[in-house]
Amino acid sequence: MIYGIGTDICDVRRIRTSLERHGERFAQKVLADGELATWKARSERWPERGIRYLATRFSAKEAFSKAIGLGMRMPMTWKHCEVIKLPSGQPAIRLHGELKAWFEQKGLQAHLSVTDESDYAASFCVVETKTSP
Ligand SMILES: CC(C)(COP(=O)(O)OP(=O)(O)OC[C@H]1O[C@@H](n2cnc3c(N)ncnc32)[C@H](O)[C@@H]1OP(=O)(O)O)[C@@H](O)C(=O)NCCC(=O)NCCS
């Protein structure tokens, strides 16, 4: 059964501006530890890829926050919601800390899709209940 859906569109130019203004601190605020390592590797090789990576993570986390109905309110936090990549390339959500406990206690499962094109990154998230009520 569907628990919730969430969508978000992120202006890549805003992410670029925030990174220029706040530097790595901005990435540290938004990205989980595993994501931060990927972001650093991509940014070192090609800064634009780092910006796009950050923008898609930003939109995915906001879409997830809407799908669970909390928005950016506890236990939902940027860093406790990690976007990982499955071997097939498909993105997936890995949760940490209190958010993970909250999500598991409710028996939820998330499905995520992300995309980006020129100035925008967008995500769509579906959260379903694993067990029937
Ligand atoms: C959900 C949230 C992350 C989106 O913020 P944003 O990126 O600035 O705005 P977006 O345009 O992407 O999304 C806004 C839409 O999210 C939806 N939304 C808001 N809160 C939501 C929630 N708890 N669950 C699901 N969707 C929500 C609404 O439809 C809203 O559009 P509307 O205001 O026209 O009705 C943010 O609003 C949030 O964290 N809300 C929870 C905390 C809160 O409400 N704080 C302010 C009042 S105390």
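Note that ligands are numbered from 1 as they come in the structure, with each ligand's atoms numbered from 1 the same way.
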How many angstroms lie between atom CZ of Phe58 and atom CG of Leu31, to the nearest 0.5 angstrom? 10.5 Å

Verify the contact flag for atom 42 (C) of ligand 1, where contact means a protein heavy atom under 4.0 Å away. yes

Pick one of side chain, backbone, both or neither for how Leu70 approaches ligand 1, counting any non-hydrogen atom pair under 4.0 Å. backbone

Are Arg57 and Glu82 packed together at the side-chain level, in the sense that at least one heavy-atom pair is separated by less than 4.5 angstrom? no

Strictly inside 4.0 angstrom of atom 16 (O) of ligand 1, do you find any protein heavy atom? yes

Under a 4.0 angstrom heavy-atom cut-off, which atoms of ligand 1 come close to Arg73? 23 (N), 41 (C), 42 (C)

Apply side chain to side chain contact (heavy atoms under 4.5 Å, CB included) to the pair Phe64 and Leu99, showing each step before the final yes or no. CA-CA 12 Å; Phe64 175 79; Leu99 180 60; 4.2 Å; yes

Any protein heavy atom nearer than 4.0 Å to atom 45 (N) of ligand 1: no

Suppose I only count heavy atoms of Asp8 and a 4.0 Å limit; which atoms of ligand 1 are within that range? 7 (O), 12 (O)

By number and element, which atoms of ligand 1 are closer than 4.0 Å to a non-hydrogen atom of Ser65? 3 (C)

Does the plane of the ring in Trp102 sit parallel, tilted or perpendicular to the ring in Tyr3? Use 30° and 60° as the thresholds. perpendicular

Check whether any protein heavy atom sits under 4.0 Å from atom 32 (P) of ligand 1. no

What part of Met72 sits under 4.0 Å from ligand 1 if we count only heavy atoms: the side chain, the backbone, both or neither? both

As a check for students: among Lys61, Met76, Lys66, identify the option with a heavy atom nearest to atom 2 (C) of ligand 1. Lys66

Going only through I, L, V, M, F, W and Y residues with side-chain contacts under 4.5 Å, is there a path from Ile84 to Met76? no

Closest protein heavy atom to atom 1 (C) of ligand 1, given as residue, atom name and distance to 0.1 Å: Gly71 CA, 3.7 Å

Considering heavy atoms of the protein only, find what lies nearest to atom 22 (C) of ligand 1 and give residue, atom and distance to 0.1 Å. Gly69 O, 3.7 Å

Within the protein, is there a heavy atom lying under 4.0 Å from atom 8 (O) of ligand 1? no

Please lay out, stage by stage, how Cys125 and Leu112 fare under the test side chain to side chain contact (heavy atoms under 4.5 Å, CB included). CA-CA 5 Å; Cys125 183; Leu112 177 68; 4.2 Å; yes

Applying side chain to side chain contact (heavy atoms under 4.5 Å, CB included), run through Phe26 and Leu54 and close with a yes or a no. CA-CA 10 Å; Phe26 176 63; Leu54 187 49; 3.8 Å; yes

Test side chain to side chain contact (heavy atoms under 4.5 Å, CB included) on Leu108 and Thr129; report intermediate values, then the result. CA-CA 5 Å; Leu108 300 176; Thr129 45; 3.7 Å; yes

Does atom 38 (C) of ligand 1 have a protein non-hydrogen atom under 4.0 Å from it? yes

Measure across Glu35 and Val83 and return the closest heavy-atom pair with its distance rounded to 0.1 Å. OE2-N, 2.5 Å

Lys/Arg-Asp/Glu bridge criterion (N-O < 4.0 Å) met for Arg52, Glu48: yes

Considering only protein heavy atoms, determine whether one is less than 4.0 Å from atom 4 (C) of ligand 1. yes

Within reach of ligand 1, part of Glu62 (heavy-atom separation under 4.0 Å): side chain

Does the structure place the NZ or CZ of Arg49 under 6.0 Å from the centre of the six-membered ring of Tyr53, at an angle of no more than 45° from the ring's axis? no

Going by a strict under-4.0 Å cutoff (protein heavy atoms only), does atom 28 (C) of ligand 1 have a neighbour on the protein? no

